[in-house]
Enquirer: 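Below is one structure. I have some questions about it.
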Amino acid sequence: MDGSAESLRGYLEYLRDLGIYDVYRTSDASDDPALAAWWKSVASPIAASAPANAQRPAASSAPVPQRPAAPIMQRPAPTPTPQRPPLPAGNRAPDIVITPPTAAAPPPLAYDFDQAPAPTGQFAPPAMPLVSFNNLAPLPTERIAPADKAAALQSVRNTIGDCTRCPLAYAGRHHIVFADGDPNAELMFVGEGPGADEDASGIPFVGKAGQLLNNMINAMGLKREQVYIANVVKCRPPQNRTPEPKEANTCSPFLLQQVDIVQPKVIVALGATAATYLLGVKQSLANLRGHWHDVRGAKCAVTYHPAFLLRDPRQKGEAWKDLQRVMVELGLKPPTRG
Ligand code: URA
């Protein structure tokens, strides 16, 4: 017996152990006498070992009982679908008209939020309250010692940090412009907000308007280093526009703290924006100029903004009148020309 016959015998014995014997029958079906003889030599010893009860039972000749025929069920006739009564003439649902898109239809436009009309009616945001610096916070009960003012101002600056409290933080700001000058100054100037030069340098009033302010200060017999200069907002509004109320109101508490720390004798509000937020009133400069206002215990004078004076130099004389009243208040004498 060659190797293949040996492995086949092992496989047949494996099948027999499983009780499978019918496989032997196939050998009888072979028409090839050589193959049949080979098959017999391989399979017969295994077939001979098959148990007697493993024989397939002979086919029975008894008739197979017939399953009784199932009765044929009749499908019930379908019930008719109830018909919706027709709507009365005046109560007809509108016909749905599908208009095919026309080739000439313009593409949908992106919504331009910058051009969006301001919300009105019940959707309009509440008006920003205009609160004077005197009503914004209680007056300080203690004076800060002169030696501590610089540190106190620095602490306010630290609180501002890299501020993101209002939209001006995201409007192309380069520097937060905190202040310049003497923390112990008797005279404080308050402007509107930094321009391009101030944004670039981080120092208030260093551009053309700043040069004119320097000249005004010098004309009062003072040097710039002797006064304190700050703005209502500390970040440049884009295109030097007027600060929005929410921007000014967000930044005002810092200016208020600067005023409370420096405690100047006189504050000069430069222009309408500074006057509006310091005093909490919206009035013309003509109304506000020429008399004293109280801001956190200091006397406040309102005058023209230097940028306005650059545009309309004829008003310089009027501004000089305002500054002369301040000089009288502070006991200042104009410098003698030598
Ligand atoms: N205008 C202002 O109001 N403030 C500045 O610092 C510069 C220009």
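The structure displayed is predicted, hence computed values, not measured ones. Indexing begins at 1, ligand by ligand and atom by atom, following the structure's order.
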Enquirer: Are H305 and F205 close enough that their ring centres sit under 6.0 Å apart?
Expert: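 Yes, they do, as the ring centres are separated by less than 6.0 Å.
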
Enquirer: As a check for students: among D180, N231, T273, identify the option with a heavy atom nearest to atom 4 (N) of ligand 1.
Expert: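 Answer by nearest heavy atom: N231.
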
Enquirer: I'd like to check N134 versus D294 (side-chain heavy atoms, cut-off strictly below 4.5 Å). Are they in contact?
Expert: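 SC-SC contact between N134 and D294 confirmed.
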
Enquirer: Which part of A209 is near ligand 1, with near meaning a heavy atom under 4.0 Å away: side chain, backbone, both or neither?
Expert: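 Neither; nothing of A209 gets under 4.0 Å from ligand 1.
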
Enquirer: G191 heavy atoms, cut-off 4.0 Å: which ligand 1 atoms fall inside?
Expert: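 In order of numbering, the contacting atoms are 3 (O).
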
Enquirer: For A137 versus R296, what's the shortest heavy-atom pair and its separation?
Expert: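 Minimum heavy-atom separation between A137 and R296: O-NH1, 2.7 Å.
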
Enquirer: Relative to the heavy atoms of G193, which atoms of ligand 1 are at a distance of less than 4.0 Å?
Expert: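 Counting from 1, the qualifying ligand atoms are 1 (N), 2 (C), 3 (O), 4 (N), 5 (C), 7 (C), 8 (C).
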
Enquirer: When you compare the side chain of Y304 with that of L270, does any pair of heavy atoms fall below 4.5 Å?
Expert: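 No, too far: nothing below the 4.5 Å cut-off.
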
Enquirer: Quick check on contacts: which atoms of ligand 1 are under 4.0 angstrom from a heavy atom of H305?
Expert: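 Listed by number with element, the hits are 1 (N), 2 (C), 3 (O).
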
Enquirer: Considering distance alone, does some N or O of F205 sit under 3.5 Å from an N or O of ligand 1?
Expert: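 Looking only at distances, the answer is yes, because the N/O contact criterion of under 3.5 Å is met.
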
Enquirer: Looking only at side chains, do Q154 and N158 share a donor and an acceptor under 3.5 Å apart?
Expert: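 Their side chains do contain a donor-acceptor pair, which is all the 3.5 Å distance test asks for.
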
Enquirer: Of the backbone atoms (N, CA, C, O) and the side-chain heavy atoms from C-beta on, which set of E192 has a member under 4.0 Å from an atom of ligand 1: side chain, backbone, both, or neither?
Expert: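 Near ligand 1, E192 shows its backbone as well as its side chain.
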
Enquirer: Testing H174, R173, H175, R236 for side chain to side chain donor-acceptor pair (under 3.5 Å) with D199, which one passes?
Expert: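 That would be H174.
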
Enquirer: Can you find a heavy atom in the side chain of V190 that is under 4.5 Å from one in the side chain of N231?
Expert: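 They are not in side-chain contact.
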
Enquirer: By number and element, which atoms of ligand 1 are closer than 4.0 Å to a non-hydrogen atom of P204?
Expert: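 Numbered from 1, ligand 1 contributes 6 (O).
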
Enquirer: With the threshold set at under 4.0 angstrom, would you say G210 reaches ligand 1 through any of its heavy atoms?
Expert: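 The answer is no, since G210 has no heavy atom less than 4.0 Å from ligand 1.
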
